[in-house]
A.B. asks: 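Sharing a structure here in structure tokens format.
Letters go in sequence order (proteins before strands), and every chain restarts at 1.
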Amino acid sequence: MIEPAVEPNAIGFVPPRFGDDVIGGAEAVVAEAARGLARRGHPVEVLTTCARDHYTWANEYPAGAEAVADGLIVRRFATQTDTSGVHRDRIGARILTGHGVDIAEQQLWANDSLRVSELWHHVLDTAGSYRALVFAPYMFWTTYAVGQIAPGRSIIMPCLHDEPTAGLDIFTSLLAGTHGVWFLTEPEAELGARLFRLPSRHAVVGAGLHLPTSYDPDRFRAEYGIDAPYVYYAGRREWGKGWSELVESFAELVRHHPSDLRLVTSGVGPIDAPSDVADRIVDVGFLSDDQRNNAMAAATAYVQPSVMESFSRTVLEAWAAGTAVVANAGSAVVSWHVERAGAGLLYRNGLELIEALQFVADRPEAAANLARGGRAYVEQHYRWDAVLDRMETTLDAWLPATAPATAARERVAP
Amino acid sequence: MNLMVTPYPPYRDGIAAYAVQEVRQLRADGVDIEVLSPLPSAAHHHLALGGVRGMAALARRATRYESVIIQFSPEMIFGACRTPAQRVAVWAGLRAVASQTKLEIRLHEIEYGPLDRNPAERRMARLALQAADRLTVHTRREVDELVTRIGIDPDGVTVVDHGQAFRAATALNREQARDELGVGRAGHVFLCIGFLQDHKGFDTAVEAFARAELVDQAELHVVGSVRVDHPELTAYARRLAGLCRRTEGVTLHQRYVSDEEFDRWIVAADTVVLPYREIWSSGVMERAKLYDRPTIATDVGGLGDQAPAGTLFFTDTDTLVKAMTERATLTAGRAPAAGRPSAERSATGNAGSPPWLVDSDAPDRDRIEAQIRARVRARQLTEPVEARAGAAVDPLLALGPLPRPHAVSGRPGVSTVKRLIRRVIDWELEPIVTRLDALQRATIEATAELDGRTDPDRSDDPGT
């Protein structure tokens, strides 16, 4: 198969995964930004892997280039996962517990999981053909390794959390050497300034939402046979995302406080619920955007148990649907959202989470009223048009297009 | 299909950086090439080299390729060898690779010690190297050494330009690079850059800078990091950090830098200093040449052959003092350097800090204050303890982590027994060693903190 040449002035987005059925906040932001800029007439490519699942990194999509909607070109490259993962586990445990890990070990850790040699060499060969290469999020090999090849035309969207890996030398040098940095929120930018020697070209471009004009909560309830009130969690069900704490707290609520409340969840990952409360937790599997929006609207509250948030799209989706949020105060970004919008409750530990869930179960009308200011907050701050405007402004300032593509863009743009 | 065997990015390593530039050039020229690296990396394949088994596996693989280029370094080829016999077997394996395919051995470095001690290894090395279709080095001096030390036929050795495939990683000019790095535009900037290890001799440059008394017109920046957490290397880095701290006009930037930042430092420099005690050939010298930056170097290894015209060579600290003075004089017409103590410069956040983001026409006080706070916080988080510390912590730093005794012995078999014993009792010893190191680290942190509080030069309080 002959691969299409890189169009002059193309903007290349490099996420670890890409696809309609890929779950991940950073991946969703990258996909939306790529499509949005393509719709505005920019030549845009997505350079990514053949993987759908970030646990196995198995090659599920075919390798090669294809044109998809909005004029986007997607180039996929096969993953290599032929290492034992021993270094990843051993060194990773030391990183997480705050032990010093030298550079040699950091490199072993970073290369002992997903690698994508063909993607790396594609960028090695063609980096000069791209106007800009945008990498996200910071901790994946696709950013750490590929992002080092052409720093002079690279923008990193780190999607940063305050976590031990963020301070590793391999990432601080990556961020210091890159041409520009795009942050999703002000708290993330502040964290970046604390952790890294940022290049002078950095900006908060944000991320956006497409707000539905209507919701159909009854349809969701009917579709999944859910009559009882419920709190909702959407995303990856894993320890690092706070899922375990949510399940434990919810189980305690069920055991000690009489209520009919359910925990409904969509996304990926094992439920791992204690057997005595398993029937109160409902996994609805993977949902389309419309189904997820309806699930948000039908919920009494949306729970965000993760402290590893750089933007927290689902919190904003809940507010857009008029639903209150119960969120972990450990996330600076989510706390910032909640404090600005005033449309939710923050908890600092599992005990507070139980009480917050209890409040939602006891006073659903109060929870609904609490959510009132949420949609206005989202409408005011998180429209994609404004985000794309900021991306274009920074691209023009940092990595201006050469004349031919500028002309093409002018022809296409309304 | 062709194969290159080499350390490879994203590992940061001189040979890896060298190899990737050659791979890029070959691919641009239409050469079909795959890469095999000793560790998992961006290479297409990886294979644990360093011993007999790895070399045998490479010999089997070599049959699949039209040609193989090996970027030869002792660490990659012999890193896992424990006995002279194993080394001889690895050389034999290399010879077997040559018999399977068209082989080029690009010698970046070779250890003559084992070859001098063991005639059998010397003989096998000669056979293996001469079996290659092409044997390449970077300097004439290396050819001469191969001839005199191993008996290689000089006609079979080709000298290739070390920097033939090197490309610039930054497009900044000197002023822009200095602005980005927070280095003043006026003074003469001397630069020592690379991994911090004794054989690089950066301490010599610091001593010479102090003796040259150039602080009013020049500054010396030492940039680099410790490659692995080895007691010898960390002890050297601590000594160097102490030396830099005590030397006016010298700043140590102890951190891991990207390729782009590496080049940014080269561009920012007026003179690159290579005070190496030993080296075969130098990638730093090539990058200095790439940006037309003059160098001062020792005449060791192949540096003499590699150096461009105008390089000042030195043999000891006295001659380095003279060379640095001579170089600084050339830019003496520029405005004077800051001439401040290095401690003060660190405290004011000049070097390595991000530039101020302030609209001169409408400065935003809140934003400026936020930047001040972010800088202070960033410095506290990122600066190594050694750079924050005052004098009281020095003896603690000098201790280093608790070293484990080396399991070595001249008597046959004893090393193996020692290693076995260690393995058996490791479950008991390891927690104690870990705890001791943690206690030492905590003590260093606490003492450094106290040092910082009692050192008036280091106060962050704007009122003092």
A.B. asks: Do the two ring centres, one from B:Y8 and one from A:H121, sit under 6.0 Å apart?
C.D. replies: yes
A.B. asks: Which of residues 135-147 of chain A have a heavy atom under 4.5 Å from any heavy atom of chain B?
C.D. replies: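 Near chain B, by residue number: A:W141, A:Y144, A:A145.
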A.B. asks: Does either side chain, that of B:S225 or that of B:Q254, offer a donor lying less than 3.5 Å from an acceptor on the other one?
C.D. replies: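 No, B:Q254 and B:S225 have no side-chain donor paired with an acceptor closer than 3.5 Å.
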A.B. asks: For B:E34 versus B:H44, what's the shortest heavy-atom pair and its separation?
C.D. replies: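 Heavy atoms of B:E34 and B:H44 come nearest at CA-ND1, 3.5 Å.
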A.B. asks: Select one option (side chain, backbone, both, neither) describing which atoms of A:R201 are under 4.5 Å from chain B's heavy atoms.
C.D. replies: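 Just the side chain, heavy atoms under 4.5 Å.
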A.B. asks: Mark yes or no for whether A:T393, through its side chain, and A:D389, through its backbone, hold a donor-acceptor pair below 3.5 Å.
C.D. replies: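 Flag set: sc A:T393 to bb A:D389 pair under 3.5 Å.
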A.B. asks: Identify the two heavy atoms, one from A:N9 and one from A:A401, that lie closest to each other, and give their separation to 0.1 Å.
C.D. replies: OD1-CA, 3.6 Å
A.B. asks: At a 4.5 Å cut-off on heavy atoms, which part of A:D169 comes close to chain B: side chain, backbone, both, or neither?
C.D. replies: both
A.B. asks: Where on A:H87 is there a heavy atom nearer than 4.5 Å to chain B: the side chain, the backbone, both, or neither?
C.D. replies: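 Neither part.
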A.B. asks: Only heavy atoms, only distances under 4.5 angstrom. Which residues in residues 105-120 of chain A are near chain B?
C.D. replies: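 The residues closer than 4.5 Å to chain B, in numerical order, are A:Q107, A:L108, A:N111, A:R115, A:S117, A:E118, A:W120.
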A.B. asks: Heavy-atom count around A:E163 CD within 6.0 Å, excluding the residue itself: above 12?
C.D. replies: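 Counting other residues, nucleotides and ligands, CD of A:E163 exceeds 12 neighbours.
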A.B. asks: Which atoms of B:A42 come close to chain A, meaning under 4.5 Å heavy atom to heavy atom: side chain ones, backbone ones, both, or neither?
C.D. replies: both
A.B. asks: Kindly give the heavy-atom pair with the smallest separation between B:L49 and B:M76, and that separation in Å.
C.D. replies: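 B:L49 and B:M76 have their closest heavy atoms at CB-O, 3.5 Å.
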A.B. asks: For the interface with chain B, which of A:T83, A:D125, A:I149 has the highest count of heavy-atom pairs at distances below 4.5 Å?
C.D. replies: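 Top count of heavy-atom pairs under 4.5 Å with chain B: A:D125.
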A.B. asks: So for B:V226, is it side chain, backbone, both, or neither that comes closer than 4.5 Å to the heavy atoms of chain A?
C.D. replies: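 Contact with chain A: backbone only.
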A.B. asks: Test salt bridge (charged side-chain N to carboxylate O under 4.0 Å, His left out) on B:R264 and B:E260 and set out the steps.
C.D. replies: CA-CA 6 Å; B:R264 213 188 304 161; B:E260 192 277 340; 2.7 Å; yes
A.B. asks: Between chain B and each of A:D82, A:T178, A:L174, count heavy-atom pairs under 4.5 Å; write down the option with the most.
C.D. replies: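 Looking at each of A:D82, A:T178, A:L174 in turn, A:D82 comes out on top.
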A.B. asks: Does A:R197 reach the main-chain N or O of A:S173 with its side chain, forming a donor-acceptor pair under 3.5 Å?
C.D. replies: no
A.B. asks: Using the side chain to side chain donor-acceptor pair (under 3.5 Å) rule, take B:R167 and B:Q25 through it: C-alpha gap first, then chi angles, then the decisive distance, then the call.
C.D. replies: CA-CA 10 Å; B:R167 277 203 205 172; B:Q25 190 59 55; 5.0 Å; no
A.B. asks: Minimum heavy-atom separation for A:A166 to A:T172, with atom names?
C.D. replies: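 Looking at all heavy atoms of both residues, the shortest contact is O-CG2, 4.4 Å.
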A.B. asks: Sort A:L175 into side chain, backbone, both or neither according to what part of it lies under 4.5 angstrom from a heavy atom of chain B.
C.D. replies: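 Neither part.
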A.B. asks: Is the B:H253 to B:W265 ring centre distance short of 6.0 Å?
C.D. replies: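 That pair passes the under 6.0 Å test.
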A.B. asks: Would you name the heavy atoms of A:T394 and A:W182 that are closest together and state the gap between them?
C.D. replies: OG1-NE1, 3.0 Å
